[in-house]
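Structure, as structure tokens:
Reminder, nothing fancy here: chain letters follow the sequence lines and each chain counts from 1.
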Number of protein chains: 2
Amino acid sequence: MTRKKQILKTAAQLFKERGYSAVTMRDLAAAMDMKAASLYNHISGKQEILSVLILDIAHEFTGGMSMVKDEDNAAFAKAESLINLHINIALSHTDALAVMNTDWMHLEGRPYEEYVKLRKQYERDFKAILEHGIQQGEFKSMSVETILFSMLSTLRSIYLWIPRKSPSEIKSLKLELPDLLLEGLKC
Amino acid sequence: MTRKKQILKTAAQLFKERGYSAVTMRDLAAAMDMKAASLYNHISGKQEILSVLILDIAHEFTGGMSMVKDEDNAAFAKAESLINLHINIALSHTDALAVMNTDWMHLEGRPYEEYVKLRKQYERDFKAILEHGIQQGEFKSMSVETILFSMLSTLRSIYLWIPRKSPSEIKSLKLELPDLLLEGLKC
DNA sequence: GTCTATAGTTGGATAGAC
DNA sequence: GTCTATCCAACTATAGAC
């Protein structure tokens, strides 16, 4: 792993615990057993760390979404794929995902605009899949806004739940979450 | 409204938007059309603002929970009451609730310990109600942890959803959320 | 109760030696 | 690539005049 990747990984851990604004470059350097000045040989500044962490994850989601959109499946199966997408990213990139969810508003300039754009597009795509499911009679006829809100709230919180749980509890989650989220939607 | 309450209200708005660490006493003073030094005639410091905002809301939740525990109702009705508790607090104290959910880790000393204690107790009580519902055969037999996680994730996110919505969409939420969250739990 | 002035600390970032 | 030393801006909070 390159030095830059080590810095990004360590920063993700610290930002997750204390939040972007509360972590100093000196804190980050200390956690890496170096001095703050040395960090700048690998990254241009604190903002670069934040934007790399967040935009990488954001692109994981939009990449996953475009795969799901291309599936030749009904809305129900697509919703299942999206649940798995969220679980898999939460498992493989827990810290960076936490940073994205809690510190995106500290992005500045272009990266901020980019993130907001990606997030809006993701929500639009998610909503379209749910709407299609309702039109086709796969899902109950209720407010799409309410369904979208409830599903996304749960999916976006998985990262909070995962680090506290055993592998067997995570297996339960993978098994039961599609049921729990989609059962209430069936006609 | 006393000057202190005005300060707390304004602080809640700013903390919600930018996070506790990113808001300075100068920012807060400017938003109140005064100088930073003048704030200290009303509050002892930045930490006091944070702890008052957060612990007030935390006590709203524990107070609500103790009412629900005393209800002479089945688990299903109690769960419904808890959903309403979350919706009502999210409606009446949107900003302070946002601060509690995102900035509690910036509490220091006693208030931090107090908040963590209240939150743990709330989750224990919530879990006990769900477990009781499963034992009595009101709810499906699935992992309580998964149900608790999914319900609390949605309920704790309501404050994010509310400011973007019209009164009629909020009515939909009030009407449909109990259904959506509890339907998947029925046997 | 609000102000100006400022103390005392800490932040991100750079310069230049090794 | 890491260090020491340092710049300078910004932070919380206090002192004391009005």
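- Regarding B/Leu39, its CG atom lies at a distance of 14 Å from the C1' atom of D/dC11, rounded to whole Å.
- Shown are B/Leu97, B/Thr102, B/Asp103, B/Asp95; of these, the side chain to side chain contact (heavy atoms under 4.5 Å, CB included) with B/Lys16 is made only by B/Asp95.
- Here the CD-CZ distance, from B/Gln121 to B/Phe61, works out to 15.5 Å after rounding to the nearest 0.5 Å.
- We find that NE2 of B/His42 is positioned 15 Å from P of D/dA13, with the value rounded to whole Å.
- You'll find the ring centres of B/Tyr122 and B/His86 inside the 6.0 Å limit.
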Per-nucleotide protein contact string for nucleotides 3-18 of chain C (B base, S sugar-phosphate only, - none; heavy atom under 4.0 Å): BB------BBBBB---

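- The pair A/Arg156-A/Glu123 meets the salt-bridge criterion, with a side-chain N (NZ, NE, NH1 or NH2) lying under 4.0 Å from an Asp/Glu carboxylate O.
- Ring planes of B/Phe139 and B/Phe76: tilted class, angle from 30 to 60°.
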